[in-house]
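One-based numbering, in listed order, for ligands and for the atoms of each. Residue indices begin at 1 and follow the sequence shown.
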Amino acid sequence: MQHMELFAQEISGWVEVAVDAAFDPGGSGGLHYALDSTLTDLAPGDPVTVPLGKRNRPVRGWVVDRLDSAPPMDATRVKHVLSRIEDAPVLPASLIDLARWIAGYYITPLGTTLASMQPPKTTSTGAPRQHRWIDLATTPPETGGRLGANQAAILEYLRSLPASNRPVERLALVRSLDLNDASGIDRLVTRGLLQEVAAPVPEGVSPIAPSLTDDQRQVIDAIDATAGGFSVHMLLGVTGSGKTEVYLQLIERTLHRGHAALVLVPEILLTPQTAARLESRFPDRGIGVLHSGVSVARRRNTWRRVREGEIDIVLGARSAVFAPFSDERLGLIVVDESHDSSYKQDTAPRYHGRDVAMRRGQQSNCPVVLGSATPSMESWFNATVTHKYTLHRLNNRAPGLTRPKVRIVDRIEERKADPGPQRSLGPTLRRALTNTLLDGGQALLLLNRRGWATHIACRSRTCGWVMRCDQCDAALVFHRKRDIAAGGTLQCHHCLSQLRMPRTCPACAGGLSRLGEGSQRLEDEIALLHPDLVQGEQLVRLDVDTRGSGERVRSTMNALRSGQIRVLVGTQMIAKGLDLPGVHLVGVVDADTALHQPDFRAAERTFQLVAQVAGRCGRGDTAGTVIIQTCCADDPAIALAAAERYEAFATLELEQRQLSGLPPVRRMARMVVDDPALPKARDAARALAQRLRAVDVQWAVSPPAPCPLARAANRFRWQVDVMADTPAILHQGLVAARASRAFDALGSIMIDVDPLYLQ
Ligand code: ADP
Ligand code: ZN
Ligand code: ZN
């Protein structure tokens with residue numbers, strides 16, 4: 001019936017539509033639909049509803065092309081576009097082209113790719129919290145009358161703060177003084193003893209450009225000379241070497257030419273500082289911030305303004321690479337901290353923001369600048385071996401900045417001298433922390449493991465029982481929760497299930513030990529050493545468990561900047577906010593967390609973490625100290641990172657990759673199939689490997705094998721890897737495999753092109 005109805009209407013045109021459904025048409029394109037006379041003017045980018053499948057289920061999609069003539073298909077099978085979706089945004093041609101490339105390169109359905117480019121949907125209208133900044137009144141009234149105890153305490157506290165630590169955010173003040181609400185503060189403002197002031201300008205923000213160093217000028221001129229054409233530039237320089245200043249000047253020249261600039265940063269921690277610098281340098285320009293910490297309504301509004309040409313600069317995290325600039329308008333792309341793994345999306349489409357940025361640069365014919373102190377091996381390979389990128393160096397820190405004192409502490413040696421109970425902080429780091437606090441400085445302590453204890457094991461040596469998740473191949477992590485009788489719960493970091501802590505070993509009824517230190521236990525250890533910090537929230541932990549929202553991260557960073565937080569403990573997410581003038585001590589509690597992982601990028605990740613921390617900078621006499629605790633003091637990843645010798649490390653590491661034929665020297669794609677039944681997963685992997693071997697390209701297909709994480713959330717996981725000598729061969733093979741339906745009918749399959757994590 002439905003067919004008859006659809007067919008009965010007159011056809012006034014044809015379009016290609018990418019549907020938003022888990023359905024891959026076998027290539028990176030869409031499906032063909034006919035248009036009724038009411039929809040004749042549909043154009044590429046328009047959101048539509050179309051019928052899909054045998055039952056003609058209506059699904060969302062986007063017109064990606066108009067056809068000049070009827071496609072070669074059976075007339076009885078023609079389906080018609082049902083309607084145009086009126087209230088959804090229209091995608092510009094630049095994004096459709098980009099989506100086609102992503103869908104082809106990463107083997108993802110085009111519709112799924114377009115769906116992930118959409119501005120976020122409005123869900124709630126929760127108004128973003130307003131920051132209000134409070135300071136002592138400049139001219140307080142002479143006779144103020146009597147103050148209540150509460151108000152007196154607030155005044156006294158603010159007076160005790162050094163001027164550089166004021167103003168203080170109103171609600172942060174409520175928290176640090178343990179007040180019930182802000183009424184006392186508000187009354188003091190009414191009485192004229194306190195005043196509300198403008199937000200403090202972050203350190204290093206000035207509307208005036210500094211006079212450039214020779215190095216900076218050379219880099220800027222060299223990159224600027226390539227404007228108007230596509231080229232990629234790798235800017236290598238430690239924190240404080242003036243990379244951001246280079247970006248700012250390049251942006252300025254881009255805007256002068258009437259073009260727009262796109263600036264990508266990895267984490268929301270970095271955006272407030274960069275946004276402030278952009279806003280003060282370009283006060284008359286439209287600047288849009290696009291990342292998950294910005295309210296949905298504002299992001300949608302920014303998206304629309306970019307689309308309408310009202311925005312000159314977009315700053316944002318990974319998905320901001322989809323800012324809807326037209327190809328003609330975009331004149332510069334900057335990818336800051338370009339090595340950061342948060343640029344890779346871990347759900348389909350599994351794209352890498354850096355590589356998509358490169359493709360956008362190609363489409364827009366503009367330069368792309370990748371900045372980093374520790375470029376990924378992929379970028380380094382392209383800068384020094386294939387010469388697809390031009391390498392620029394900033395070898396020195398900007399005037400006035402100094403390198404911190406970096407000290408490697410060998411934990412094995414230390415333990416020999418200080419046998420006592422094992423703790424996270426060795427004597428050297430403990431002493432440094434105490435001294436820093438006595439001197440009025442702040443400290444950041446980094447431990448890249450969440451929870452309190454990383455595993456629960458039986459105390460009996462003969463038993464050896466370890467608590468594991470019953471749905472995953474993973475040990476359970478103990479998370480302390482004070483309000484639970486058992487003191488905490490056990491959590492699986494893969495399937496997120498929670499279990500009660502058993503009293504005794506289920507195997508032998510013996511006692512249990514909580515082994516391995518996580519960030520929670522580190523926080524407890526510091527609270528024991530410095531109980532005074534616990535009051536007034538001067539000791540704060542920041543990791544995935546405490547993070548909550550972008551708002552919470554920002555208020556923590558503000559409290560750190562204003563000096564209220566004395567010690568910040570956290571996982572690697574705090575490594576990115578390190579460059580703060582009040583921080584005199586940075587401690588890497590365990591530099592080896594990533595070193596022993598069974599992943600060929602273990603050394604690279606370790607180097608990055610340690611170097612990012614060691615490369616932090618200070619001003620003048622507050623150069624700062626970095627202490628790195630390790631059991632592998634001689635490992636080049638750690639020793640070279642501490643010495644700030646990126647190029648020496650990269651050369652060594654690239655040699656290793658060359659010898660073992662691993663990325664970036666060869667290119668890789670990884671496929672994982674999973675199923676609740678082990679034989680099914682194994683058979684699917686075997687079938688897949690066979691089909692991939694049948695593809696007529698020169699690639700190596702690995703034997704199917706269980707994944708390192710062999711079971712997750714009750715599903716068995718098997719993998720097949722392919723390796724090719726060049727990106728072109730890999731791509732050819734994947735396209736051919738897709739066209740021959742090699743990925744179909746295998747159950748659940750994940751395809752990851754240029755994978756970063758191999759678990
Ligand atoms: P990076 O991005 O490499 O960390 P920045 O561009 O942020 O470096 O520079 C670090 C600090 O040095 C900033 O406060 C910046 O304003 C300042 N700075 C950068 N270039 C110069 C210069 N040529 N002269 C003086 N100060 C500079
Ligand atoms: Zn689990
Ligand atoms: Zn036991």
Query raised in the report: If you count the non-hydrogen atoms of other residues, nucleotides and ligands that lie under 6.0 Å from NZ in Lys680, is the total more than 12?
Result: no
Query raised in the report: Should the pair Glu252-Arg281 be classified as a salt bridge under the 4.0 Å nitrogen-to-oxygen rule?
Result: no
Query raised in the report: With atoms numbered from 1 as shown, which atoms in ligand 1 lie under 4.0 angstrom from a non-hydrogen atom of Pro399?
Result: 22 (C), 24 (N), 25 (C)
Query raised in the report: What atoms of ligand 1 come closer than 4.0 angstrom to any heavy atom of Glu245?
Result: 6 (O), 19 (C), 20 (N)
Query raised in the report: Is the backbone of Val335 close enough, under 3.5 Å, to the side chain of Tyr247 for a donor and an acceptor to pair up by distance?
Result: no
Query raised in the report: Looking at Lys243 and Glu337, does any basic side-chain N land under 4.0 Å from a carboxylate oxygen?
Result: no
Query raised in the report: How does Pro210 reach ligand 1, if at all, at less than 4.0 Å between non-hydrogen atoms: by side chain, backbone, both, or neither?
Result: side chain
Report task. Please verify whether a non-hydrogen atom of Ser211 lies at under 4.0 Å from ligand 1. Result -> yes
Query raised in the report: Would you say Thr239 and ligand 1 have an N/O pair spaced under 3.5 Å apart?
Result: no
Requested in this report: Run the contact test for Val238 against ligand 1 with a 4.0 Å cut-off on heavy atoms, strictly below, and give the result.
Outcome: yes
Query raised in the report: For ligand 1, is there an atom lying under 4.0 Å from some heavy atom of Gly240?
Result: yes
Query raised in the report: Would one find more than 12 heavy atoms of other residues, nucleotides or ligands at under 6.0 Å from atom CG of Asp214?
Result: no
Report summary line: In ligand 1, the atoms that come under 4.0 Å of a heavy atom of Leu401 are 10 (C), 11 (C), 12 (O)
Requested in this report: Mark yes or no for whether Arg670, through its side chain, and Pro755, through its backbone, hold a donor-acceptor pair below 3.5 Å.
Outcome: no
Report task. Check Arg397 against ligand 1 and report side chain, backbone, both or neither, counting heavy atoms closer than 4.0 Å. Result -> neither
**Report entry** Donor-acceptor contact below 3.5 Å, side chain Gln442 vs main chain Ile565
**Finding:** yes
Report task. Give the intermediate values and the outcome of side chain to side chain contact (heavy atoms under 4.5 Å, CB included) for residues Val673 and Arg717. Result -> CA-CA 6 Å; Val673 286; Arg717 308 172 73 243; over 6 Å; no
Query raised in the report: Is it true that Arg253 and Asp224 have a side-chain N and a carboxylate O under 4.0 angstrom from each other?
Result: yes
Query raised in the report: Closer than 2.8 Å to the Zn ion (ligand 2), how many protein N/O/S atoms do you count?
Result: 4
**Report entry** For Leu212, atoms of ligand 1 separated by under 4.0 Å from a heavy atom
**Finding:** 23 (N)
Report task. Return the number of protein N, O or S atoms with a distance to the Zn ion (ligand 3) smaller than 2.8 Å. Result -> 4
Query raised in the report: In chain order, what residues pass the ring-ring contact (aromatic ring centres under 6.0 Å, His included) check against His233, with sequence neighbours excluded?
Result: His392
Query raised in the report: If you count the atoms of ligand 1 from 1 in the order shown, which ones are under 4.0 Å from a heavy atom of Ala398?
Result: 12 (O), 18 (N), 19 (C), 20 (N), 21 (C), 27 (C)
Report task. Answer yes if the side chains of Arg480 and Thr489 hold a donor-acceptor pair under 3.5 Å, and no otherwise. Result -> no
Query - Shortest heavy-atom approach to atom 15 (C) of ligand 1 - which of Glu337, Arg616, Arg277 - result: Arg277
Report summary line: d(Ile287 CD1, Ile313 CD1) to nearest 0.5 Å is 4.5 Å
Requested in this report: List in chain and number order the residues that pass side chain to side chain contact (heavy atoms under 4.5 Å, CB included) with Leu678, two or more places apart in sequence or in another chain; answer none if no residue qualifies.
Outcome: Arg682, Phe716, Trp718
Query - Atom CZ of Arg500: over 12 foreign heavy atoms under 6.0 Å - result: no
Report summary line: Numbered in order shown, the ligand 1 atoms found under 4.0 Å of a heavy atom of Thr213 are 23 (N)
Requested in this report: May I ask you to decide whether Glu647 forms a salt bridge with Arg393, counting only side-chain N to carboxylate O separations under 4.0 Å?
Outcome: yes
Report task. Mind running side chain to side chain contact (heavy atoms under 4.5 Å, CB included) on Asp473 and His494 for me, showing each step along the way? Result -> CA-CA 9 Å; Asp473 247 7; His494 297 286; over 6 Å; no
**Report entry** Region of Thr244 that comes within reach of ligand 1 [heavy atoms, distance under 4.0 Å]
**Finding:** both
